[in-house]
Amino acid sequence: MSIDGSLPVDWADRCRRQLDAGKPAEAFLTFVQGVDPETSGKAPRRLLRLIRPLALKKPERLQKHALLPAAIREHAGIAARDTTFREYGRLTQPVLLMAGKEVRSTGAGRAAPRIHEILPGSELKLYPKLDHFGPETSPAAVAPALADFFLKAPAGLRSHETVDLDRT
């Protein structure tokens, strides 16, 4: 979710051109720097090139490269709704928001408390020791909150109810 430009997308065209040129590793660096300009965006590319193989083993790197086209589309869709975030206040279903240690340091992180203020039935769970990949790397840390939320949620929500904001 992007609120008032909190999720930048100015990197997307460059990333797409790099993918089209057969340079997925460079496109991935463009993505990493672009989506988080306040942290990884400040790191020199040459440093990120050195860190990348240590942080991501080859199978994971290849998977992330393959997911880049979808990530570009996803971020474009989020950016297109950037100024419409107040519409989420119309939701009546309970919503669980989770944020990690970037809740104060990045635009995307700061979006969670802002949307929590707008959503009448939302819960905000903060995980100051986890990053964006917390649910993937530390599932046991977030599982209790998810279980609690879904066990007390109305039956319709537990059956994967989808709310289309464009139709409400």
Side-chain angles (χ1 to χ4, degrees), residues 1-89 91 95-119 122 124-139 141-142 146 162-166:
M1 175 169 299
S2 183
I3 297 177
D4 295 332
S6 64
L7 188 68
V9 292
D10 56 344
W11 53 268
D13 287 337
R14 180 180 179 194
C15 187
R16 190 175 296 110
R17 286 191 307 272
Q18 290 168 325
L19 285 172
D20 291 345
K23 299 178 180 180
E26 288 302 307
F28 181 70
L29 292 181
T30 297
F31 169 78
V32 167
Q33 288 186 302
V35 296
D36 199 357
E38 297 153 341
T39 55
S40 59
K42 293 180 180 178
R45 268 180 105 79
R46 64 185 178 278
L47 176 62
L48 293 176
R49 282 187 195 104
L50 292 171
I51 293 171
R52 184 182 52 224
L54 301 172
L56 299 170
K57 302 299 178 216
K58 188 173 182 176
E60 189 176 359
R61 282 196 313 269
L62 295 176
Q63 178 189 41
K64 299 220 183 278
H65 296 170
L67 292 172
L68 280 172
I72 292 169
R73 289 189 305 274
E74 175 187 3
H75 283 77
I78 292 168
R81 295 195 58 82
D82 181 76
T83 59
T84 65
F85 69 94
R86 286 179 182 80
E87 292 176 19
Y88 290 99
L91 294 175
V95 175
L96 175 62
L97 301 166
M98 303 170 92
K101 62 185 176 183
E102 295 98 354
V103 73
R104 289 183 184 87
S105 64
T106 68
R110 289 188 293 270
R114 298 251 340 255
I115 198 67
H116 176 56
E117 293 170 8
I118 293 165
L119 286 168
S122 67
L124 176 60
K125 300 286 186 186
L126 299 176
Y127 296 88
K129 294 182 180 179
L130 299 181
D131 62 13
H132 178 76
F133 298 103
E136 184 179 337
T137 60
S138 302
V142 298
L146 290 167
T162 301
V163 177
D164 184 348
L165 289 174
D166 290 328

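Counting begins at 1 with the first residue of the sequence.
- When all heavy atoms are compared, the tightest approach of Ala76 to Val9 is N-CG1, 4.4 Å.
- A 4.5 Å side-chain heavy-atom check between Met98 and Tyr127 finds at least one atom pair inside the cut-off.
- With hydrogens and angles ignored, the 3.5 Å screen pairs no side-chain donor or acceptor of Arg110 with any backbone N or O of Ile3.
- The NZ atom of Lys57 sits 13.0 Å away from atom CZ of Arg52, with the distance rounded to the nearest 0.5 Å.
- Glu38 is not listed as a side-chain neighbour of Ser105, based on a closest heavy-atom distance of 4.5 Å or more.
- At most 12 heavy atoms of other shown residues, nucleotides or ligands fall within 6.0 angstrom of atom NE2 in His132.
- Two residues are said to be in side-chain contact when any heavy atoms from C-beta on lie closer than 4.5 Å; Arg45 and Glu26 meet this criterion.
- Note that NE2 of His116 and CG of Leu126 are 8.5 Å apart. Values are rounded to the nearest 0.5 Å.
- Residues Ser122 and Leu96 fail the side-chain proximity criterion, which asks for heavy atoms closer than 4.5 Å.
- In this structure, the side chain of Arg114 does not engage the main chain of Phe85 through any donor-acceptor pair within 3.5 Å.
- Distance CG/Leu124 to CD1/Ile115: 11.0 Å, rounded to 0.5 Å.
- Residues Ile72 and Leu19 have side chains in contact (heavy-atom distance under 4.5 Å, counting atoms from C-beta outward).
- Using modelled atom types, no side-chain atom of Thr30 and backbone atom of Cys15 make a donor-acceptor pair closer than 3.5 Å.
- No donor-acceptor pair closer than 3.5 Å links the side chain of Ser2 to the backbone N or O of Ile78.
- In summary, Arg16 and Asp13 engage in a salt bridge, as defined by a charged side-chain N under 4.0 Å from a carboxylate O.
- The distance from atom CZ of Arg81 to atom OG1 of Thr83, rounded to the nearest 0.5 Å, is 9.0 Å.
- Atom-to-atom distance recorded for Lys125:NZ and Leu146:CG is 10.0 Å, nearest 0.5 angstrom.
- Here Gln18 contributes atom CD and Phe31 contributes atom CZ; the two are 13.0 Å apart, rounded to the nearest 0.5 Å.
- For Ser6 against Asp82, the heavy-atom pair with the smallest separation is N-OD1, 4.1 Å.
- Heavy-atom neighbours of Lys23 NZ from other residues, nucleotides or ligands within 6.0 Å: at or below the threshold of 12.
- Residues Val142 and Pro135 approach most closely at CG2-CA, 3.9 Å, considering heavy atoms.
- Residues Leu48 and Ser40 come closest through the heavy atom pair CD1-O, 3.9 Å.
- Judged by distance alone, the side chain of Gln33 and the main-chain N or O of Ala43 form a donor-acceptor pair under 3.5 Å.
- The closest side-chain heavy-atom distance from Leu56 to Phe28 is below 4.5 Å.
- At least one donor-acceptor pair under 3.5 Å links the side chain of His75 to the backbone N or O of Ala71.
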